[in-house]
Structures are given as structure tokens and as C-alpha cells.
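Heads up: the structure comes next, in C-alpha cells.
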Amino acid sequence: SLFVAKDQGFFEEQGLDPQIVQVRNGPIAISALAAGDANFYAAPATGATLGAMAGGLDAVFIAGLINKLDGYFVVAPKIQSPADLKGKTVGVQSIGGGLWMFTMMALNHWGLDLKRDNIQLRVVGDQPVIVQALATRTVDGAFLSYTFGTVAEHQGSRILADLAKVDIPYQGTGILARRGFVEKSPELVERSLKALIKAVAFIKEAENKPAVMRTL
């Protein structure tokens, strides 16, 4: 939605000209927000964002763009159901990070318990590394974004579940800002959100698919 709003001129309609910067991970983005180098941060409620708030950063969610868990749970071909994950190894990027949180939410939804069901979590790296770990059967399963989940499927793994269809409530991608910034510039915040809302509506209209695909 951020890039569509930029490409379609929705920010400009609101008198804004934002610079959208993609960073590698949550801690870097949180640092930019804390230092005042960024006014907004688009991110889910993960360890990095919630941990920063718990640590005293006056960051707040001002909008929710995705309000349920989405992504693929990808597994080795021999695994046909969530119950088959018992006794298996599941790959994550880190303990306490976003992929770990999403993995735990999926396992909990399926009634699986790490200790009781002897499920081992293995820290293997970020998503491209997890895809390779699945291909070499270093791990038996993992949560992946749609992009990397599709890559893993093309390399021989199978998609156990599209978690958006499982409908697990979760504050996915939202917009964060520092409370002080929101209180100081409420009109700017409102105009920014109006541009994003228009982008979401634009994305959901089928006739706009070619334009959205060009942005992607």
C-alpha cells in the first residue's frame, strides 16, 4: 500500500511528498524511528516493535493494514497435515523475532506444543536461508512470506497452509509513529493515513491489478 500510494500520487493529493525507505529488519527501522530519522514505520506487532515499546519508546500503532496472520507454512513433501509436524524440526530466523512469533501462533492454532510434541525449533537465518534449508531437508517446515513460500514450493516443498485462510487474528502490517510526533502533527498524520486508505481501496479493485502489478 505504501508503494502504490506513492506511485499513484495519493500522497501528493494530500500535499505530501514522502520518501519511502526499505530497511533490512525491525531493529534498524525502530532505531530510525527513535532517532527521528523516520516519521512512520510500516510493520507488524513483532518482537522488535513491541519490545521497543516495552523498553520505553513512545511508539504507537496508528493504523492496521492487515489484521490477521498471513503467509505460508511450508513443509517437506512427506508432511501432509499439521499433526505430522510432531517430532519434526521447524526453521526460524531467530528466537523472539517475527518468523518465530508467526510459527508459534500457527502451531498453537493447530493445538501443537513444542515440548509435548517434540517439535524442535532451529535458528537457520533469514527467509532465503530458510528456503535453502527446506530444499536440503535441514528443516522439515517453516513459516514464510508468500514470496519466499512460493520459491520454496518451486524447489520441491509443499504448502501446508495459507494462513490467511486459516483466519488467525493478529495485528499484521500496521503504521507506527512516535506519540510525540502524532500529538505535534495530527493533520500530517491524518493526511498520510488518507493516502494509505485510498491505496488499500485501489489495490482491492480488480481493474487496477495491472497498475498494482507494475508497482510490485
Side-chain angles (χ1 to χ4, degrees), residues 2-3 20-34 37-38 41-55 57 59 65-66 68-80 82 84-110 112-115 117-164 166 168 170-174 176 216:
L2 288 168
F3 292 101
I20 301 174
V21 180
Q22 186 166 352
V23 298
R24 184 170 180 83
N25 56 43
I28 293 175
I30 286 292
S31 296
L33 195 69
D37 294 329
Y41 173 32
T46 60
T49 53
L50 298 180
M53 293 176 187
L57 181 65
L65 301 178
I66 300 174
K68 61 181 177 181
L69 192 60
D70 64 343
Y72 288 138
F73 204 98
V74 184
V75 294
K78 62 183 178 182
I79 297 176
Q80 299 296 313
D84 294 338
L85 289 169
K86 295 178 180 179
K88 300 298 191 296
T89 300
V90 175
V92 295
Q93 182 173 355
S94 63
I95 300 299
L99 296 185
W100 170 84
M101 180 183 293
F102 306 150
T103 299
M104 294 301 298
M105 291 178 68
L107 295 177
N108 289 340
H109 178 79
W110 290 324
L112 297 171
D113 180 85
L114 295 182
K115 186 175 182 180
D117 298 317
N118 192 30
I119 299 173
Q120 301 295 318
L121 294 184
R122 178 171 294 176
V123 176
V124 295
D126 57 14
Q127 293 194 67
V129 180
I130 292 175
V131 170
Q132 293 304 312
L134 283 163
T136 59
R137 302 296 173 250
T138 303
V139 298
D140 302 298
F143 171 93
L144 292 169
S145 68
Y146 288 122
T147 299
F148 288 104
T150 301
V151 173
E153 184 182 31
H154 290 164
Q155 294 184 2
S157 298
R158 68 182 298 268
I159 295 172
L160 179 64
D162 179 349
L163 295 177
V166 177
I168 301 173
Y170 170 68
Q171 178 54 68
T173 300
L176 291 91
L216 291 173

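Computed from heavy atoms alone, side chains included, the values below leave out hydrogens, waters and symmetry copies.
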Donor-acceptor contacts, no H, no angles, side chain residues 129-137, under 3.5 Å, sequence neighbours left out:
| from | atom 1 | to | atom 2 | distance (Å) |
| --- | --- | --- | --- | --- |
| T136 | OG1 | Q132 | O | 3.0 |
| T136 | OG1 | A133 | O | 3.3 |
| T136 | OG1 | T138 | OG1 | 2.8 |
| R137 | NH1 | L134 | O | 2.1 |

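Minimum interatomic distance between L2 and A42 (heavy atoms only, all atoms of both residues): CD1-CB, 3.5 Å. Heavy atoms only, all atoms of each residue included: L112 and P82 are closest at CD1-O, 3.4 Å. When every heavy atom of V75 is checked against every heavy atom of I79, the shortest pair comes out as CG2-O, 3.7 Å. Shown here for G156 and P77, the closest heavy-atom pair between the two residues is O-CG, 3.2 Å.
Side chain of T49 to main chain of P44: a donor-acceptor pair is present (N/O by atom type, distance under 3.5 Å, no hydrogens or angles). In this structure, the side chain of K68 engages the main chain of A164 through a donor-acceptor pair within 3.5 Å.
In this structure M105 satisfies the side chain to side chain contact (heavy atoms under 4.5 Å, CB included) test together with L69, M101, I168, Y170, sequence neighbours excluded. With sequence neighbours left out, Y146 forms a ring-ring contact (aromatic ring centres under 6.0 Å, His included) with Y72.
Residue D70 holds its CG atom at 8.0 Å from CG of D162, rounded to the nearest 0.5 Å. The CD1 atom of I28 sits 9.5 Å away from atom OH of Y41, with the distance rounded to the nearest 0.5 Å. Distance check: D126 CG to N25 CG gives 9.5 Å after rounding to the nearest 0.5 Å. Interatomic distance, NZ of K78 versus CG of D140, reported as 5.0 Å (0.5 Å rounding). The line from CD of Q127 to OG1 of T147 is 8.5 Å long, rounded to the nearest 0.5 Å. Atom NZ of residue K86 and atom CG of residue L107 lie 12.0 Å apart, to the nearest 0.5 angstrom.
By the 4.5 Å heavy-atom criterion applied to side chains, W110 and D117 are not counted as neighbours.
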Steps toward side chain to side chain contact (heavy atoms under 4.5 Å, CB included) verdict (F73, L85): CA-CA 11 Å; F73 204 98; L85 289 169; 3.9 Å; yes
Tell me, with the steps shown, if F102 and L163 meet side chain to side chain contact (heavy atoms under 4.5 Å, CB included). CA-CA 10 Å; F102 306 150; L163 295 177; 5.7 Å; no
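Heavy-atom contacts from other residues, nucleotides or ligands closer than 6.0 Å to CD of Q80 number more than 12.
For the side chain to side chain contact (heavy atoms under 4.5 Å, CB included) with S157, the lone residue among V74, V151, L144 that qualifies is V74.
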